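One is the number of the first residue; the rest follow in order along the sequence. Remember, it's 1-based here, ligands and their atoms both numbered in the order they're listed. Note that this is a predicted model, so its numbers are computed, not measured.
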Amino acid sequence: MIHINKNYLKLQDSYLFSTIAKKVADYTTKNPDKKVIKLGIGDVTLPLANACVEAMKKAADEMGQKETFRGYGPEQGYDFLREKIVENDYKKRGVNIEKDEIFISDGAKCDTGNIGDIFGVENIIAITDPVYPVYLDTNVMAGRTGEYNKQNNKFDEVVYMPVTAENNFIPELPKEKVDMIYLCFPNNPTGTVLTKAELKKWVDYAKREKAIILYDSAYEAFIQEENVPHTIFEVEGAKEVAIEFRSFSKTAGFTGTRCGYVVIPKELKVEEVVNGQKIEVSINNLWNRRQCTKFNGVSYITQKGAEAVYTEEGQKQIKENINYYMENAKIISEGLKEAGYEIFGGKNAPYIWLKVPKQYTSWEFFDYLLENANVVGTPGAGFGPSGEGYFRLTAFGTRENTKEAIERIKNLK
Ligand code: PLP
């Protein structure tokens with residue numbers, strides 16, 4: 001008799017974006033004359049940089065010619081892209097990463113979700129609360145958590161690290177023993193970043209506790225301030241304890257094109273006892289084995305598009321787009337402050353995390369904004385229990401909509 005993976009039954013329905021979509025659909029059906037502005041979901045609105053489009057067109061032409069056609073590519077990604085990453089994302093920041101420590105993928109969602117394949121189910125995971133939901137749900141699927149506890153809205157056997165205004169949205173080192181620590185900076189949803197000194201505490205902790213840090217740096221390109229590390233590998237010793245996830249999605253508008261990468265240094269080794277014998281296992285080798293078995297690489301055309309991000313023209317164009325979004329972030333932050341809201345984030349990240357007025361829960365505030373300003377955001381409670389009392393607005397809208405949304409919110413008061 002066939003059995004299912006019962007861990008899937010532990011999953012809580014992700015009500016967040018479907019509930020938002022339903023509420024917005026109900027509202028617009030009842031109020032067809034209202035123009036609803038969506039600053040909720042984290043998708044980009046600007047088109048791909050022209051340099052990327054042209055590179056992909058050229059690559060598509062190559063695929064149509066006998067002489068330049070390519071079939072299966074390397075599972076780890078083409079060297080031309082891995083080399084550009086080594087040079088631009090690491091060497092220019094003083095970090096030495098080798099080409100075979102980089103694995104090109106179809107995005108950070110898949111990578112952060114799949115990485116669990118190579119780690120034991122007995123490991124204890126630590127996540128921030130609130131958090132990008134993929135880290136938690138993929139561990140539930142893998143059986144690395146207990147049951148969902150309705151009393152505290154948390155999964156048993158998971159270490160939640162609250163990040164709230166009380167600790168400046170900086171997680172404290174866990175008091176319990178943990179093995180896999182998920183960190184995301186610049187953070188979704190709070191928009192927080194860590195300084196190098198703060199990040200070093202985590203690297204030291206992981207070394208001491210023989211834990212691993214899974215560092216999601218999908219929003220690295222939005223860092224504006226000095227003294228904010230662009231990669232965890234700027235921290236001494238991080239190569240022995242960390243895996244870094246990167247994405248072209250928000251950096252270069254690849255949310256629909258799909259390309260990202262993961263960096264697994266060769267220094268990252270785990271001691272394991274097999275048949276009574278202590279062995280040292282290379283995580284890079286393990287992931288390579290996993291990818292070669294389960295993944296057939298990202299298309300040549302897409303990787304050519306990603307490569308163009310690193311050309312002079314590509315860099316100029318993606319920076320213009322990032323500046324555009326960060327200008328939106330400024331408009332949101334300043335407008336909300338003027339309207340009397342307490343706000344966080346928005347300086348090194350495309351997310352503004354605001355404190356919901358005391359009389360509302362985050363879902364009640366969602367309804368209030370939808371009905372009174374026709375603006376859609378994301379209730380903090382959707383990202384974890386400690387997100388209650390907060391609300392996320394994104395800077396990924398158009399300038400016109402962003403300005404109008406903020407004017408409407410200001411006029412509410
Ligand atoms: N990591 C974080 C923190 C995100 O917010 C997102 C997308 O919103 C992703 C990863 C997914 O990135 P990708 O589009 O590369 O799968």
Min N/O separation K109 to ligand 1 under 3.5 Å: yes
Protein heavy atom at shortest distance from atom 9 (C) of ligand 1: Y132 OH, 3.2 Å
Minimum side-chain heavy-atom gap V159-I124 below 4.5 Å: yes
Closest protein heavy atom to atom 14 (O) of ligand 1, given as residue, atom name and distance to 0.1 Å: S249 OG, 2.6 Å
Under 4.0 Å to a heavy atom of R258 - the qualifying atoms of ligand 1, by number: 13 (P), 14 (O), 15 (O), 16 (O)
N or O pair under 3.5 Å between S247 and ligand 1: yes
Sub-4.0 Å heavy-atom approach of Y219 to ligand 1: yes
Worked check of ring pair (Phe, Tyr, Trp, His ring centres under 6.0 Å) between F103 and Y261: CA-CA 5 Å; F103 298 84; Y261 65 89; over 10 Å; no
Test of proximity, K250 against ligand 1: N or O pairs below 3.5 Å: yes
Ion pair K266/E98, N-O distance below 4.0 Å: yes
Nearest-contact summary for atom 1 (N) of ligand 1 - protein heavy atom, Å: D216 OD2, 2.6 Å
Positive for salt bridge (Lys or Arg N to Asp or Glu O under 4.0 Å) with E240, one of K269, K207, K210: K207
Carboxylate-amine/guanidinium proximity below 4.0 Å for K304 and E307: yes
Positive for side chain to side chain donor-acceptor pair (under 3.5 Å) with Y182, one of N139, T128, D216: N139
For G107, atoms of ligand 1 separated by under 4.0 Å from a heavy atom: 15 (O), 16 (O)
Proximity flag C184 to ligand 1, non-hydrogen atoms under 4.0 Å: yes
Sidechain N-carboxylate O distance under 4.0 Å for E54, K57: yes
